[in-house]
Amino acid sequence: VRSFTTDPDLPLSQGRYASPLRTERVAAVLGVSLGVLFAVCFVTGLYSHLHQHPQGALPIPPRPAGLYRLTQGLHVATGIASIPVLLAKLWVVWPRFVSFPPARDAAHAVERVGLLPLVGGGVFLLFSGTANVAQWYPWRFSFTAAHFWTAWMVVGALIAHVGAKWAVSGRALRRGHVDDADTAAAPGTRDGLTRRSFLGVVAGASGILTLATVGQTVSPLRRLSVLAPRDPSVGSQGRPVNRGARNARVVEAARDPSYRLEVSGRVQRPLSLTADELVAMALHDAELPIACVEGWSFSARWQGVRVRDLLAAAGAAPGRTVLVESLEPAGAYRTSTLNRRQAADRDTLLATHIDGERLSLDHGFPCRLIAPNRPGVLQTKWVRRVVVL
Ligand code: HEM
Ligand SMILES: Nc1nc2c(c(=O)[nH]1)N[C@H]1C(S)=C(S)[C@@H](COP(=O)(O)O)O[C@H]1N2
Ligand SMILES: [Mo]
């Protein structure tokens, strides 16, 4: 045991794994950076959760139209940017993981046990998030449920960790602080510079990783984004497709001449419209994004019938919640709900056209929902029925 462990009472910079880069100050700088990145991830993640698990008391407004695009793009970008920072932080504090005896006293033991959810959970969030974005599902459990509950656990452990490290980090970050590595190192070594370069390399790795992926949502950068799973200008009609018509098993039903769009539920006059009748209605234009939960997005000019016009034509009372159903026989995204304000928004459309072209089968022909400030998973394609609740 003694051959690889360290003494918990020694400063980070001393003992078996001594390095001029392993100092309280470097650990604190990396820790603050991770704290900021994880806080952005947590807030934007909760916002995404609220969209998909609506709470009656907190209905999500349809404006600003591009807000979800921004928050989910930030979520995935800050998450990916934090990968090199977390790895660097684990490397710097490595001696602490192998200290022996494991704890000085009971309080120290509690603090150390708290590292398990913090480190394990943090690694799990970054791994599961990245795998999800890369559409790789090497597990059986539900990604969102596991990612969501782990996020709460990590944030709880993070708050406890910040409390435990507040004093020592505060000291280490103060201007004029002399790192204990400097007093321990031979005079004349330029460790200050080494540490600054180390932090520079970590920040650079973070930046490069971000540039290599963020083009999936910031289209001017798409040429740099060699690691991004999606290019916002590649796909049917020059736009990416999440789930195509064949995979969703809707090809026949969408092309069937007996297709009707139905407006039913709490209405005075249920409607049943052919695809041609739908296109013959008053079409409206809206420039709106598709912002996938996976962090890619594109903005397009859509044309279609306003949902509120359809509701009025069917004689629905104003201010109703609306359920939108797809032709898709099964699947997690075959229905979605519009709250009152979302349903009443002037840009909430059953789109029939994208960028002036009739929608392709893969983008939702004969019509698909497109509404402001909404995750892609809720922009239901191949709509067959609008039910007023
Ligand atoms: C590389 C890092 C990360 C990536 C790529 C990532 C990716 C994702 C994705 C794709 C979703 C959407 C899931 C869906 O709705 O289907 C999501 C949701 C979420 N993320 Fe992350 N994430 C990362 C890190 C984090 C971190 C560090 C936290 C918290 C500190 C976090 C908290 C959340 C929460 C709370 C949700 C909402 C889950 C739900 O809707 O129930 N994520 N993340
Ligand atoms: N019926 C149905 N609609 C759906 C989906 C689906 O699987 N089934 N996928 C959703 C997801 S996850 C996204 S990101 C958007 C993508 O729209 P696009 O394929 O037109 O780009 O469609 C949404 N609409
Ligand atoms: Mo999506």
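Computation of the quantities below employed the complete heavy-atom set of this structure, encompassing side-chain atoms and omitting hydrogens, waters and symmetry-equivalent molecules.
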Colleague: Is Thr335 reaching over with its side chain to a backbone N or O of Val324, donor-acceptor style, under 3.5 angstrom?
Modeller: no
Colleague: With a 6.0 Å cut-off (strictly less than), is the heavy-atom count around CZ of Arg340, excluding the residue itself, greater than 12?
Modeller: no
Colleague: At their closest point, which heavy atom of Pro117 faces which heavy atom of Val113, and how far apart are they?
Modeller: CD-O, 3.3 Å
Colleague: Tell me, do Val133 and Pro229 make a side-chain contact under 4.5 Å, heavy atoms counted?
Modeller: yes
Colleague: Measure the CG-CH2 distance between Leu30 and Trp91 for me, rounded to the nearest 0.5 Å.
Modeller: 10.5 Å
Colleague: Counting C-beta onward and ignoring hydrogens, is there a side-chain heavy-atom pair between Leu273 and Leu310 closer than 4.5 Å?
Modeller: yes
Colleague: Is the closest side-chain heavy-atom distance between Leu311 and Val386 below 4.5 Å?
Modeller: yes
Colleague: Got more than 12 heavy atoms from elsewhere within 6.0 Å of CD, Gln135?
Modeller: yes
Colleague: Take the angle between the ring planes of Phe141 and Phe124 and call it parallel below 30°, perpendicular above 60°, tilted in between.
Modeller: tilted
Colleague: Side-chain atoms of residues 259-268: list all donor-acceptor pairs with protein atoms under 3.5 Å, sequence neighbours left out, distances to 0.1 Å.
Modeller:
from: Tyr259; atom 1: OH; to: Val383; atom 2: O; distance (Å): 2.6
from: Arg260; atom 1: NH1; to: Pro257; atom 2: O; distance (Å): 3.3
from: Glu262; atom 1: OE1; to: Arg385; atom 2: NH1; distance (Å): 3.0

Colleague: As a quick check of understanding, evaluate side-chain contact (heavy atoms from CB on, under 4.5 Å) for Leu327 and Lys381, giving each step before the final call.
Modeller: CA-CA 8 Å; Leu327 289 169; Lys381 300 196 280 193; over 6 Å; no
Colleague: Under 3.5 Å, side-chain donor or acceptor atoms of residues 162-173 against the rest of the protein: list the pairs with distances, not counting sequence neighbours.
Modeller:
from: Lys165; atom 1: NZ; to: Glu111; atom 2: OE2; distance (Å): 3.0
from: Ser169; atom 1: OG; to: Lys165; atom 2: O; distance (Å): 2.6

Colleague: Tell me whether Asp345 is salt-bridged to Arg308, with the criterion being a basic N under 4.0 Å from an acidic carboxylate O.
Modeller: no
Colleague: When you look at Thr213 and Ser225, which way does the side-chain hydrogen bond (donor to acceptor under 3.5 Å, both in side chains) test go after all the steps?
Modeller: CA-CA 5 Å; Thr213 47; Ser225 286; 6.0 Å; no
Colleague: Given the rule in the side-chain contact (heavy atoms from CB on, under 4.5 Å) test, do Tyr47 and His51 qualify, once you have shown the distances and angles that lead to the verdict?
Modeller: CA-CA 7 Å; Tyr47 183 65; His51 270 281; 3.3 Å; yes
Colleague: First locate atom OG1 of Thr217, then atom CZ of Arg222, and finally report the distance between them rounded to the nearest 0.5 Å.
Modeller: 13.5 Å
Colleague: First locate atom NE2 of His353, then atom CD of Gln237, and finally report the distance between them rounded to the nearest 0.5 Å.
Modeller: 10.0 Å
Colleague: If you round to the nearest 0.5 Å, how far is CD of Glu24 from NE2 of His177?
Modeller: 7.0 Å
Colleague: Can you name the closest pair of heavy atoms from Leu359 and Ala351 and give their distance?
Modeller: CD1-O, 3.3 Å
Colleague: Donor-acceptor pair, distance only, cut-off 3.5 Å: does the side chain of Arg230 make one with the backbone of Val241?
Modeller: yes
Colleague: Is a side-chain donor or acceptor of Arg112 paired with a backbone partner of Arg96 at a separation under 3.5 angstrom?
Modeller: yes
Colleague: Leu369 and Val293: same hydrophobic cluster, using ILVMFWY side-chain contacts below 4.5 Å?
Modeller: no
Colleague: If you group Ile, Leu, Val, Met, Phe, Trp and Tyr by side-chain heavy-atom gaps below 4.5 Å, do Val40 and Phe42 land in one group?
Modeller: no
Colleague: Can you check whether Glu277's main-chain N or O pairs, donor with acceptor, with Thr274's side chain at less than 3.5 Å?
Modeller: yes
Colleague: Is any side-chain N of the basic residue among Asp355 and Arg239 closer than 4.0 Å to the acidic one's carboxylate O?
Modeller: yes
Colleague: I'd like to check Leu389 versus Val322 (side-chain heavy atoms, cut-off strictly below 4.5 Å). Are they in contact?
Modeller: no
Colleague: Quick one: do Asp309 and His284 satisfy side-chain contact (heavy atoms from CB on, under 4.5 Å)? Show the steps, please.
Modeller: CA-CA 10 Å; Asp309 289 352; His284 286 272; 3.8 Å; yes
Colleague: Taking all non-hydrogen atoms of both residues, which atom of Lys89 and which atom of Gly31 are closest, and how far apart?
Modeller: NZ-CA, 3.8 Å
Colleague: If you count heavy atoms of other groups shown closer than 6.0 angstrom to CZ of Arg246, is the number above 12?
Modeller: no
Colleague: Dump the intermediate steps for side-chain hydrogen bond (donor to acceptor under 3.5 Å, both in side chains) on Ser360 and Asp362, then the final yes or no.
Modeller: CA-CA 5 Å; Ser360 68; Asp362 280 342; 5.6 Å; no
Colleague: Would you give the length of the straight line joining atom OG of Ser82 to atom CG of Leu37, rounded to the nearest 0.5 angstrom?
Modeller: 5.5 Å
Colleague: Please answer whether the main-chain N or O of Asp347 pairs with a side-chain N or O of Trp302 as donor and acceptor at a distance below 3.5 Å.
Modeller: no
Colleague: Which distance, rounded to the nearest 0.5 Å, do you find between the OG of Ser48 and the NE2 of His53?
Modeller: 9.5 Å
Colleague: Look at the side-chain heavy atoms of Ile, Leu, Val, Met, Phe, Trp and Tyr, link any pair under 4.5 Å apart, and say whether Leu90 and Leu12 land in one connected group.
Modeller: yes
Colleague: Is the closest side-chain heavy-atom distance between Leu338 and Thr321 below 4.5 Å?
Modeller: no
Colleague: Assess, by modelled atom type and distance only, whether the side chains of Ser299 and Glu287 contain a donor and an acceptor separated by less than 3.5 Å.
Modeller: yes
Colleague: Just checking Arg104: does its CZ atom have more than 12 heavy atoms from other residues, nucleotides or ligands closer to it than 6.0 angstrom?
Modeller: yes
Colleague: Looking only at non-hydrogen atoms, find the nearest pair between Pro138 and Ala131 and report the distance.
Modeller: CD-CB, 4.4 Å
Colleague: Indicate yes or no for a side-chain donor-acceptor contact from Arg368 to the backbone of His363 under 3.5 Å, with no hydrogens or angles considered.
Modeller: yes
Colleague: Check the orientation of Phe143 and Trp139. Use parallel for under 30°, tilted for 30 to 60°, and perpendicular for over 60°.
Modeller: parallel
Colleague: Side chains of Ser336 and Thr380: any donor to acceptor distance under 3.5 Å?
Modeller: yes
Colleague: Taking the side chain as every heavy atom from C-beta outward, state whether Arg16 and Thr5 have any atom pair closer than 4.5 Å.
Modeller: no
Colleague: Measure from the side-chain N and O atoms of Ser142 to the backbone N and O of Ala145, and report whether any donor-acceptor pair falls under 3.5 Å.
Modeller: yes
Colleague: So does Phe100 get a backbone contact from the side chain of Asp7, meaning a donor-acceptor N/O pair under 3.5 Å?
Modeller: no
Colleague: For residues 116-132, pull every pair meeting salt bridge (Lys or Arg N to Asp or Glu O under 4.0 Å), keeping only residues two or more places apart or in separate chains.
Modeller: none
Colleague: Show your working on side-chain hydrogen bond (donor to acceptor under 3.5 Å, both in side chains) between Ser233 and Asp231 and close with a plain yes or no.
Modeller: CA-CA 5 Å; Ser233 65; Asp231 181 325; 3.0 Å; yes
Colleague: With a 4.5 Å cut-off on side-chain heavy-atom distances among I, L, V, M, F, W and Y, is there a chain of contacts connecting Val92 to Leu126?
Modeller: yes
Colleague: With side chains defined as the heavy atoms from C-beta onward, is the minimum distance between Thr23 and Arg195 less than 4.5 Å?
Modeller: yes
Colleague: Quick one: do Trp94 and Arg22 satisfy side-chain contact (heavy atoms from CB on, under 4.5 Å)? Show the steps, please.
Modeller: CA-CA 9 Å; Trp94 171 250; Arg22 288 197 165 115; 3.9 Å; yes
Colleague: Using only atom types and a distance under 3.5 Å, with no angle test, would you say the side chain of Thr44 pairs donor to acceptor with the backbone of Cys41?
Modeller: yes
Colleague: Considering residues, nucleotides and ligands other than Arg63, do more than 12 of their heavy atoms fall under 6.0 Å from its CZ?
Modeller: yes
Colleague: Are Val43 and Trp152 linked, directly or through intermediate hydrophobic residues, by side-chain heavy-atom contacts shorter than 4.5 Å (ILVMFWY only)?
Modeller: no
Colleague: Within the structure provided, determine whether Leu199 and Val29 are in side-chain contact (heavy-atom separation under 4.5 Å).
Modeller: yes
Colleague: Keeping the roles fixed (side chain from Arg374, backbone from Leu378), state whether a donor-acceptor pair exists under 3.5 Å.
Modeller: yes
